[in-house]
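Presented below is the structure to which this report refers.
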Amino acid sequence: MELGSIDLAARLLHVAGVIIWIGHNWVNVVNNPAFRRVLPADPPEAVRAVFIGASKREHGIFRHASLVVLATGLYMLWRRGDLVDALTLSGPSAVIGLGAWIGFAMVLNLWFVLWPHQKKVLGFIPAPTEERLRCARITFLSSRTNTVLSSVTLLLMLAGAHGGLSFG
């Protein structure tokens, strides 16, 4: 595969990852995710199995999309020679660099704050009711933080990549 094709693939993966990751944040603000309907006659263990399976799949895709966005974004900055300037917030790359740093903070928040608590809330990891309630609040705040930061990040990334905003 030649470099032009790799660059195109990276850009497509980046955009698709952003749509999945950021879209998931915004959908959860306005709507709760829908899972396969279970019938009242279904035994509780079957209902739980459907919920757990759908939740693991949904959250797995969402979490891994964040890594795809981060990796492809860093690759594209490196490929065009802007990685160091972006990460050090220097020159014209400072805007996209700020977006990259906020995006990195969002990935850390997702993987190291939201997800460990979410596993307890969803019952993937057994926890007493009090712990699950505490984790639900942390998950709520962590998710909303990423949702708000996603707006800022998208603005900075678009402005940094397509002009229209600069520091200095």
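Bear in mind the structure is a predicted one, so any value in this text is a computation, not a measurement.
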For residues [X] and [Y], report the shortest heavy-atom separation together with the two atoms involved.
| X | Y | answer |
| --- | --- | --- |
| Thr153 | Met106 | OG1-SD, 3.6 Å |
| Met157 | Ala100 | SD-N, 3.6 Å |
| Gly17 | Ala65 | O-CB, 3.8 Å |
| Phe104 | Leu70 | CD1-CD2, 3.8 Å |
| Ala136 | Val121 | N-CG2, 3.4 Å |
| Ala10 | Thr72 | O-CB, 3.6 Å |

How long is the span from the [atom1] atom in [X] to the [atom2] atom in [Y], to the nearest 0.5 Å?
| X | Y | atom1 | atom2 | answer |
| --- | --- | --- | --- | --- |
| Asn109 | Trp115 | CG | CH2 | 14.0 Å |
| His117 | Ile125 | NE2 | CD1 | 10.5 Å |
| Leu149 | Leu156 | CG | CG | 10.5 Å |
| Asp82 | Leu74 | CG | CG | 12.5 Å |
| Arg80 | Met76 | CZ | CE | 8.5 Å |
| Arg11 | Ile6 | CZ | CD1 | 14.0 Å |

**Request:** Give a yes or no on whether Trp111 atom CH2 has more than 12 heavy-atom contacts from other residues, nucleotides or ligands under 6.0 Å away.
**Result:** yes
**Request:** Assess whether atom OH of Tyr75 is packed by more than 12 heavy atoms of other residues, nucleotides or ligands within 6.0 Å.
**Result:** yes
With no hydrogens and no angle check, is any side-chain donor or acceptor of [X] less than 3.5 Å from a backbone partner on [Y]?
| X | Y | answer |
| --- | --- | --- |
| Ser142 | Thr139 | no |
| Ser93 | Ser90 | no |
| Arg132 | Ala127 | no |

Between [X] and [Y], is there shared hydrophobic-cluster membership here, with clusters defined by ILVMFWY side-chain heavy atoms closer than 4.5 Å?
| X | Y | answer |
| --- | --- | --- |
| Leu8 | Val15 | no |
| Val84 | Ile96 | no |
| Ile138 | Leu141 | no |
| Trp101 | Leu110 | yes |
| Leu114 | Val152 | yes |

**Fill in**
Hits for salt bridge (charged side-chain N to carboxylate O under 4.0 Å, His left out) against Arg137, two or more places apart or cross-chain, chain-then-number order -> none
**Message:** What verdict does the side chain to side chain contact (heavy atoms under 4.5 Å, CB included) test give for His14 and Val68, after you've listed the backbone C-alpha separation in whole Å, the side-chain angles of each residue and the deciding distance to 0.1 Å?
**Reply:** CA-CA 7 Å; His14 190 73; Val68 168; over 6 Å; no
**Request:** Kindly indicate, with the supporting measurements, whether the criterion side chain to side chain contact (heavy atoms under 4.5 Å, CB included) is fulfilled by Val18 and Leu154.
**Result:** CA-CA 9 Å; Val18 166; Leu154 284 172; 3.8 Å; yes
